[in-house]
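First up is the structure itself, then whatever we jot down about it.
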There are 2 protein chains.
Amino acid sequence: MAAKGSGAQSKQSQRIGVSIPPVQEPGSEPPLSLERIVATAVELLDAQGVDGLKMRRLADRLGSGVMSLYWHVANKEEVFDLALDSVLEYRGPPQIVESPSWRGDVVHMLEDWRASMLRHPWSASLLPCRALGPNILSRLELLSKTLSRAGVADADLNVAIWSLWNYVMGATITRASFDLSDDDRAAAQQRLTRLSEHYPTIERSRLLLDNDWDGAFRKGLDFLLDGLAPRQ
Amino acid sequence: MAAKGSGAQSKQSQRIGVSIPPVQEPGSEPPLSLERIVATAVELLDAQGVDGLKMRRLADRLGSGVMSLYWHVANKEEVFDLALDSVLEYRGPPQIVESPSWRGDVVHMLEDWRASMLRHPWSASLLPCRALGPNILSRLELLSKTLSRAGVADADLNVAIWSLWNYVMGATITRASFDLSDDDRAAAQQRLTRLSEHYPTIERSRLLLDNDWDGAFRKGLDFLLDGLAPRQ
DNA sequence: ACCTGAACACCGTTCAAGT
DNA sequence: ACCTGAACACCGTTCAAGT
């Protein structure tokens with residue numbers, strides 16, 4: 001299961017003394033490494049979507065043979081896992097003077113989470129069915145700690161966390177997949193208009209064109225938080 | 001784009017008079033039809049998951065050559081679209097005497113929606129990125145109409161619908177993917193315990209093992225509905 | 001109108017070597 | 001320790017026919 005080179009931490013970024021910085025001669029590639037593979041996988045996913053990530057294409061971009069990848073990585077699945085987690089790092093809430101409120105912290109983290117996933121539209125739909133990497137676990141830990149300090153009882157903690165997780169995931173996955181296809185969406189709304197006898201209400205409200213996603217996200221999130229941890 | 005035989009409605013289920021019911025001679029298959037293809041695709045997906053649906057395997061089960069499928073269907077994508085929508089039919093709320101309350105109707109529809117998707121665990125993660133079929137549109141229409149009658153203003157209608165959609169999708173996708181792998185989940189929690197120095201709070205609450213999914217779903221849904229359409 | 005087999009252009013990955 | 005090319009066992013789909 002575990003990849004051979006998984007734990008390897010390439011330390012070549014720690015330059016010793018004043019040795020020559022590794023300026024890239026055009027055409028000569030730096031050596032393969034887990035970091036380069038993951039970074040390039042993210043590039044590829046951003047550019048071409050989930051189906052665009054192929055081992056051969058990845059190797060091409062890295063200037064190596066396909067099979068070289070398999071030294072650093074067990075299989076394609078692991079590439080997905082690593083690319084996904086690499087995109088979800090969290091740097092914490094802005095520390096302006098004093099941390100304002102637990103609620104502000106939670107909202108910030110969840111909005112940042114959503115924004116991170118929307119910057120990489122392939123990531124949201126991948127997350128639920130993949131292994132939970134350290135960055136995701138860190139977010140959950142932070143969320144849990146914050147809610148706990150805010151007074152949420154231990155018995156209610158898991159429900160609160162999963163409700164928020166579910167809401168964020170649903171909102172982001174939907175948004176990301178609608179994002180991918182602006183034309184498709186217009187086409188869908190047109191099809192809806194043609195069928196307006198069957199679906200008069202959603203046709204009238206132009207459901208498929210409405211796009212205040214950010215506002216809707218924030219509003220629903222507030223409702224959830226009101227219920228989960230009432231402001232006292 | 002449109003498949004050649006898409007609109008075909010095989011009417012052979014309407015028996016004329018007392019003709020012999022189509023008892024299957026073992027080995028002789030009924031003729032191919034869109035319905036049979038879709039039904040078999042659902043079987044295959046239920047049994048083997050998303051990656052288990054291959055055109056060749058589907059053809060095998062149907063007792064036909066692979067390429068025969070392409071007469072009824074444009075490509076594999078269309079098989080997914082049709083299988084998905086076929087699984088999401090809604091029969092409406094139980095009509096016991098009087099329809100109780102708009103809120104009961106909404107909750108019933110959304111819980112039924114979730115249950116339908118959980119009966120076919122591959123469906124939830126597929127839904128957001130596929131075409132909206134008639135059954136899904138019907139649910140959205142019903143939801144919209146009910147909320148509208150409940151007094152939700154036109155301007156707030158789309159936000160309300162999408163919030164609920166997002167919540168249901170997120171909850172179901174998460175639940176379904178955790179469902180797929182009971183062992184994996186235990187393994188993940190074990191890994192978490194090993195790393196408990198980094199994630200003490202979620203380790204202590206045994207976040208990854210908690211499984212009152214149904215209760216959590218209902219609770220969060222109530223919070224959302226409270227916010228979206230306050231009971232007067 | 002409906003079905004078919006052969007063939008094509010891909011995939012991920014195994015294996016047996018190379019340095 | 002790291003990289004490689006040839007080969008295998010698959011895929012979805014095109015095409016040119018068949019009935």
Side-chain angles (χ1 to χ4, degrees), chain A residues 1-12 22 27-38 40-41 44-45 47-83 122 126 129-130, chain B residues 1-12 22 27-38 40-41 44-45 47-83 122 126 129-130:
Chain A
M1 269 301 150
K4 285 149 277 180
S6 260
Q9 297 276 92
S10 148
K11 286 303 180 196
Q12 51 207 78
S28 95
E29 305 281 352
L32 228 41
S33 71
L34 240 202
E35 287 98 51
R36 278 192 72 224
I37 292 177
V38 173
T40 310
L44 208 49
L45 284 163
Q48 323 239 23
V50 188
D51 294 334
L53 180 60
K54 329 247 177 185
M55 296 305 268
R56 286 172 218 259
R57 216 179 290 182
L58 186 52
D60 271 2
R61 281 218 184 190
L62 288 160
S64 74
V66 203
M67 291 318 296
S68 311
L69 300 175
Y70 286 85
W71 175 258
H72 304 267
V73 134
N75 48 36
K76 194 181 171 181
E77 297 245 304
E78 198 185 328
V79 179
F80 274 123
D81 287 344
L82 294 171
W122 48 272
L126 234 49
C129 52
R130 305 234 66 86
Chain B
M1 272 297 150
K4 286 150 275 180
S6 260
Q9 297 275 93
S10 146
K11 287 302 181 196
Q12 52 207 76
S28 94
E29 306 280 352
L32 228 40
S33 69
L34 239 203
E35 286 98 51
R36 278 192 72 224
I37 292 177
V38 173
T40 310
L44 208 48
L45 285 163
Q48 323 238 25
V50 187
D51 294 334
L53 179 60
K54 329 246 177 186
M55 296 304 268
R56 286 172 219 259
R57 217 181 289 182
L58 186 52
D60 270 1
R61 280 218 184 189
L62 288 159
S64 73
V66 203
M67 292 318 297
S68 311
L69 300 176
Y70 286 85
W71 175 258
H72 303 267
V73 135
N75 47 36
K76 196 181 170 182
E77 297 246 303
E78 197 184 330
V79 179
F80 273 123
D81 287 343
L82 293 172
W122 47 273
L126 234 50
C129 51
R130 305 235 65 88

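In what follows, chains carry the letters A, B, and so on, assigned in the order in which the sequence lines appear, proteins first and then strands, with residues in each chain numbered from 1. Computed over heavy atoms, backbone and side chain alike; hydrogens, waters and symmetry mates excluded.
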*Are any of A:W71's side-chain N or O atoms less than 4.0 Å away from OP1 or OP2 of D:dC2?*
yes

Between the CZ atom in A:R57 and the CG atom in A:L44, the distance rounded to the nearest 0.5 Å is 6.0 Å

To the nearest 0.5 Å, atom CG of B:L34 lies from atom CH2 of B:W71 at 12.0 Å

Rounded to whole Å, the CG-P distance (A:L69 to D:dG5) equals 12 Å

Taken to the nearest whole Å, CG/A:N75 to P/C:dT13 is 5 Å

Rounded to the nearest 0.5 Å, the CD1 atom of A:I37 sits from the CZ atom of A:R61 at a distance of 14.5 Å

Would you indicate, yes or no, if C:dA1 has its OP1 or OP2 atom less than 4.0 angstrom from a side-chain nitrogen or oxygen of B:H72? no

Residue pair A:H72 / A:R36, side-chain heavy-atom distance below 4.5 Å
no

For D:dC3, does either OP1 or OP2 sit under 4.0 Å from a side-chain N or O belonging to A:S64? no

- request: Answer with base, sugar-phosphate or nothing: what part of the nucleic acid does A:L58 contact at a heavy-atom distance below 4.0 Å?
  value: nothing

For B:S64 and B:L32, the nearest pair of non-hydrogen atoms, with its separation, is OG-CD2, 3.8 Å

Dot-bracket for DNA chain C, 5' to 3', Watson-Crick and G-U pairs with both distances under 3.5 Å, [ ] for crossing pairs, | for partner on another strand, reads ||.|||||...|||||.||

Less than 4.5 Å apart, side chain to side chain, heavy atoms only: is that true for A:L62 and A:L69? yes

When rounded to whole Å, the NZ to P distance for the pair A:K54 and D:dG12 reads 12 Å

Here the gap from B:E35 atom CD to B:T40 atom OG1, rounded to the nearest 0.5 Å, amounts to 11.0 Å

When rounded to whole Å, the NZ to P distance for the pair B:K76 and C:dC10 reads 18 Å

Whole-Å distance, A:L62 CG to D:dC2 P, equals 16 Å

In whole angstroms, the gap separating C1' of D:dG18 from CE of B:M67 amounts to 14 Å

note: A:R56, atom CZ; D:dC10, atom P; distance rounded to Å ~ 16 Å

Item checked: P atoms of C:dC2 and D:dA17, separation to the nearest Å -> 22 Å

To the nearest angstrom, the OH-P distance between A:Y70 and C:dC11 comes to 12 Å

